Amino acid sequence: MQITVFGASGKTGSQVVQQALDRGYQVVAYVREAAKLTLTDSNLKVIEGQLDDLNMVKQAVSGSQAVVSALGPTGRPESDQQISLGIANILTALKEFDIKRFVALSTTSAQDVLDIDSTKFKLRRTMIRKGSPSSYESIIKYTDLVRQSDCDWTLLRIASLLTDKPLNKSVHVGYLGKDKLQAKLSRANLAWYMLEQLDSTEFVCQAPAISD
């Protein structure tokens, strides 16, 4: 299988790339600066480009059977705006090349109809919206873009503090107010679960929250 990974040079994205290579996948890594991705492998192709460059995005997904986005907001307004543009371009490319499977990251700032809301969750969203408005707006915007698309998408909403703890393949997945979620989430576990979704139909067109 060939997959394309966006955000491949980030802490989570590089985990996705390495674990995908370990599974024997052909991987196309789309990055803004190739030098930031230090991985090398005969099954790895690195494409350098910007998220707002539709032609380069199309080049990156061409020939792939699935696409994974490890993109996430940074808190910098200009960068956060690029993520929404990038997701829109990815979805356009998926449609053009008839690539159905798309697994992307979001956060619990984006509510889901299956969540049971509470004062605690409302307070958390308010704090994020006021503390990092560009990140909050970006998450809401690109999450809605994915939900409105006609691909077989899965959004994994990060519900916890990300850590660099090693892979143990133990995660909690569910919905706020319904399922037990932990305070932290290993990037290695997150990457593993993203790749697990490529061949799974359990959460197609759903957006569960995830933690360790």
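Predicted, not measured: the structure shown is a model, and the values here were computed from it.
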**OP:** Run the numbers on Ser64 and Gln2 for side chain to side chain donor-acceptor pair (under 3.5 Å), then give the verdict.
**Re:** CA-CA 5 Å; Ser64 289; Gln2 177 176 301; 3.0 Å; yes
Original post:
Can you list the steps and then say if Glu33 with Lys36 is a side chain to side chain contact (heavy atoms under 4.5 Å, CB included)?
Top reply: CA-CA 6 Å; Glu33 296 179 44; Lys36 290 186 176 181; 3.6 Å; yes
Subject >> Intermediate values then yes/no, side chain to side chain contact (heavy atoms under 4.5 Å, CB included), Gln81 and Leu85 >> reply: CA-CA 7 Å; Gln81 289 174 4; Leu85 289 172; 5.5 Å; no
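Residues passing the side-chain hydrogen bond (donor to acceptor under 3.5 Å, both in side chains) test with Glu137: none are found, sequence neighbours excluded. Applying the side chain to side chain contact (heavy atoms under 4.5 Å, CB included) test to Glu202 and every residue at least two apart in sequence or in another chain returns Tyr193, Ser200. For Gln206, the side-chain hydrogen bond (donor to acceptor under 3.5 Å, both in side chains) partners two or more places apart in sequence, or in a different chain, are Tyr175. For Asn89, the side chain to side chain contact (heavy atoms under 4.5 Å, CB included) test picks out Leu54, Val57, with sequence neighbours left out. Residues meeting the side-chain hydrogen bond (donor to acceptor under 3.5 Å, both in side chains) test with Asp22, sequence neighbours left out: Gln18. Residues meeting the side chain to side chain contact (heavy atoms under 4.5 Å, CB included) test with Ala207, sequence neighbours left out: Asp112, Arg147, Trp153, Leu155, Arg157. Residues satisfying the side chain to side chain contact (heavy atoms under 4.5 Å, CB included) test with Asp98, not counting sequence neighbours, are Lys100.
The two atoms that bring Ile83 and Ser138 nearest to each other are CB-OG, 3.9 Å, heavy atoms only. Taking both residues in full, the closest heavy atoms of Val17 and Ala29 are given as CG2-CB, 4.4 Å, listed atom of the first, atom of the second, then distance. Looking at every heavy atom in both residues, Gln65 comes nearest to Gly63 through NE2-O, 3.1 Å. Residue Ala159 comes nearest to Ala209 through the heavy atom pair CB-CB, 4.0 Å, listed as atom of the first residue, atom of the second, then distance. Residues Val5 and Val16 come closest through the heavy atom pair CG2-CG1, 3.9 Å.
You'll find the side chain of Asn189 reaches within 4.5 Å of the side chain of Asn168, heavy atoms only. Annotation: side chain of Lys120 is not in contact with side chain of Leu123 (no heavy-atom distance under 4.5 Å). For the pair Gln197 and Arg101, the minimum side-chain heavy-atom distance is below 4.5 Å. Here the side chains of Leu71 and Tyr142 are not in contact, with every heavy-atom distance at 4.5 Å or above. Between Met56 and Gln59, the closest side-chain pair of non-hydrogen atoms falls below 4.5 Å. In this structure the side chain of Gln19 reaches within 4.5 angstrom of the side chain of Leu167, judged on heavy atoms. Between Val103 and Leu198 the shortest side-chain heavy-atom distance falls below 4.5 Å. Between Leu156 and Pro208 there is a side-chain heavy-atom pair separated by less than 4.5 Å.
Around atom CE of Met1, more than 12 heavy atoms belonging to other residues, nucleotides or ligands sit under 6.0 Å away. A 6.0 Å sphere centred on NZ of Lys184 holds no more than 12 heavy atoms belonging to other residues, nucleotides or ligands. Annotation: Arg23, atom CZ; neighbour count of heavy atoms from other residues, nucleotides and ligands within 6.0 Å is above 12.
Using a cut-off of 4.0 Å between Lys/Arg side-chain N and Asp/Glu carboxylate O, Asp212 and Lys169 are scored as not salt-bridged. Look at Arg187 and Asp164 and you find a salt bridge, because one of the NZ, NE, NH1 or NH2 atoms lies within 4.0 Å of a carboxylate O, short of that distance.
Between atom CD1 of residue Ile3 and atom CD1 of residue Ile99 there is a gap of 11.5 Å, rounded to the nearest 0.5 Å. To the nearest 0.5 Å, atoms OG1 (Thr108) and CG (Asp115) are separated by 8.0 Å. In this structure, CZ on Phe102 lies 6.0 Å from CG on Leu94, to the nearest 0.5 angstrom. Atom CZ of Arg125 sits about 8.5 Å away from atom CD1 of Ile140, to the nearest 0.5 Å. Note: Ser84 OG to Lys141 NZ = 5.0 Å, rounded to the nearest 0.5 Å. In this structure, Ile116 CD1 and Leu176 CG are separated by 9.5 Å, a value rounded to the nearest 0.5 Å.
Hydrophobic clustering keeps Ile139 apart from Leu181 (ILVMFWY residues linked when any side-chain heavy atoms are closer than 4.5 Å, directly or through intermediates). Under the 4.5 Å side-chain heavy-atom criterion for Ile, Leu, Val, Met, Phe, Trp and Tyr, Val68 and Val28 are members of distinct hydrophobic clusters. Both Ile87 and Val61 belong to a single network of hydrophobic side chains, linked directly or stepwise wherever heavy atoms of I, L, V, M, F, W or Y lie under 4.5 Å apart. Cluster membership for Leu105 and Leu114, using ILVMFWY side-chain heavy atoms within less than 4.5 angstrom, is shared. Clustering ILVMFWY residues whenever any of their side-chain heavy atoms sit less than 4.5 angstrom apart, transitively, puts Ile158 in a cluster other than the one holding Val146.
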Throw together a table of side-chain donor-acceptor distances under 3.5 angstrom for residues 41-52, partners on residues two or more places apart or in other chains.
from: Asp41; atom 1: OD1; to: Asn43; atom 2: N; distance (Å): 2.7
from: Asn43; atom 1: OD1; to: Gln26; atom 2: NE2; distance (Å): 2.9
from: Glu48; atom 1: OE2; to: Ala34; atom 2: N; distance (Å): 2.8

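Counting only residues at least two apart or on different chains, no ring pair (Phe, Tyr, Trp, His ring centres under 6.0 Å) pair has a member in residues 33-74. Annotation: ring pair (Phe, Tyr, Trp, His ring centres under 6.0 Å) contacts involving residues 108-131, sequence neighbours excluded, are absent. Pairs engaging residues 12-56 under the ring pair (Phe, Tyr, Trp, His ring centres under 6.0 Å) rule: Phe6-Tyr30 [sequence neighbours left out]. Listed by first then second residue, pairs satisfying ring pair (Phe, Tyr, Trp, His ring centres under 6.0 Å) with a partner in residues 62-92 number zero, not counting sequence neighbours.
Checked by atom type, the side-chain pair Glu78/Gln82 shows no donor-acceptor distance below 3.5 Å. Residues Asp80 and Ser135 have side chains that bring a donor and an acceptor to within less than 3.5 angstrom of each other. In this structure, a donor-acceptor pair under 3.5 Å is present between the side chains of Thr143 and Ser106.
Here the side chain of Thr12 pairs no donor or acceptor atom with the backbone of Ala70 at under 3.5 angstrom. Within the 3.5 Å criterion, the main-chain N or O of Leu185 finds no donor-acceptor partner in the side chain of Ser160. A donor-acceptor contact shorter than 3.5 Å links the side chain of Thr92 to the backbone of Ala88. The backbone N or O of Arg76 sits nowhere less than 3.5 Å from a side-chain atom of Ser79 that would complete a donor-acceptor pair. With Ser132 contributing its side chain and Ile128 its backbone, the two residues share no donor-acceptor pair below 3.5 Å.
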